[in-house]
Amino acid sequence: MATQLYFSLHTNDRLGFSETPTKFVLQPWQLMLIILAIWINQPQKVIEYLRTENAILKEQLGKKRILLSDDQRRRLAVKGKLIGRKQLEQAGTLFTPDTILR
């Protein structure tokens, strides 16, 4: 037996009076689709936050260069190689793709 969720919607007119509630059934596949959409959107929010954080760091640094240690360069190279040059250019990172992929 399939489980169904019932939702009741109340629509309001301009004066704030409620009309008759409208009911609709949310099928299990629709619920899974909603959960999947929310789950997929989460990493994007993290990426946008990190891009904003990087932009702020760039503003504070101005034209100053960031000097990397060999270990830092190696860690960036491993991650950068997985992403690829084109994606690195689009990401607008603190370092050029040439620096990371060298």
Side-chain angles (χ1 to χ4, degrees):
M1 181 162 120
T3 306
Q4 296 177 339
L5 294 176
Y6 292 92
F7 287 91
S8 180
L9 295 176
H10 295 276
T11 55
N12 295 327
D13 61 13
R14 290 184 182 186
L15 300 175
F17 297 108
S18 287
E19 297 174 4
T20 341
T22 307
K23 289 187 177 183
F24 69 96
V25 178
L26 185 62
Q27 299 295 328
W29 68 269
Q30 291 171 318
L31 181 61
M32 291 301 293
L33 189 61
I34 291 169
I35 291 170
L36 180 64
I38 292 169
W39 179 72
I40 288 173
N41 196 29
Q42 283 303 102
Q44 187 62 36
K45 291 178 184 177
V46 173
I47 291 168
E48 288 301 317
Y49 171 81
L50 292 173
R51 282 183 177 164
T52 303
E53 194 174 69
N54 281 349
I56 291 169
L57 286 173
K58 281 183 180 180
E59 290 170 8
Q60 289 183 349
L61 288 172
K63 297 288 183 184
K64 295 178 189 173
R65 288 183 52 176
I66 301 172
L67 300 177
L68 298 172
S69 69
D70 289 340
D71 180 56
Q72 292 168 332
R73 221 177 273 111
R74 188 174 20 263
R75 291 187 326 212
L76 284 175
V78 169
K79 299 292 184 184
K81 191 148 181 106
L82 294 173
I83 295 171
R85 178 179 299 278
K86 188 174 182 179
Q87 293 266 342
L88 284 172
E89 287 172 356
Q90 293 174 350
T93 61
L94 295 174
F95 308 100
T96 66
D98 290 334
T99 301
I100 295 170
L101 298 175
R102 238 185 272 157

> Return each pair, listed once, that meets salt bridge (charged side-chain N to carboxylate O under 4.0 Å, His left out) where at least one residue sits in residues 34-50; pairs must be two or more places apart or across chains.
E48-R51

> Look at the side chain of Q30 and the backbone N and O of Q27, then say whether any donor-acceptor pair between them is shorter than 3.5 Å.
yes

> Do I38 and L31 share a hydrophobic cluster (ILVMFWY, side-chain heavy atoms under 4.5 Å, transitive)?
yes

> Scan for salt bridge (charged side-chain N to carboxylate O under 4.0 Å, His left out) pairs involving residues 72-84, sequence neighbours excluded, and state none if there are none.
D70-R73, D71-R75

> Among residues at least two apart in sequence or on other chains, which ones pass side chain to side chain contact (heavy atoms under 4.5 Å, CB included) with L36?
W39, I40

> To which residues is V46 joined in a hydrophobic cluster, defined by side-chain heavy-atom contacts under 4.5 Å among Ile, Leu, Val, Met, Phe, Trp and Tyr, whether direct or through other members?
Y49, L50

> Per the salt bridge (charged side-chain N to carboxylate O under 4.0 Å, His left out) rule, what does the pair list look like for residues 35-44, sequence neighbours excluded?
none

> Can you list the residues that meet the side-chain hydrogen bond (donor to acceptor under 3.5 Å, both in side chains) rule with E59, with sequence neighbours excluded?
none

> Report all side-chain donor-acceptor pairs from residues 60-67 shorter than 3.5 Å, counting only partners two or more places apart or in another chain.
none

> Work out which heavy atom in L68 is nearest to a heavy atom in L76; give both atom names and the distance.
CD1-CD1, 3.9 Å

> Shortest non-hydrogen contact from L88 to P97?
CB-CG, 3.9 Å

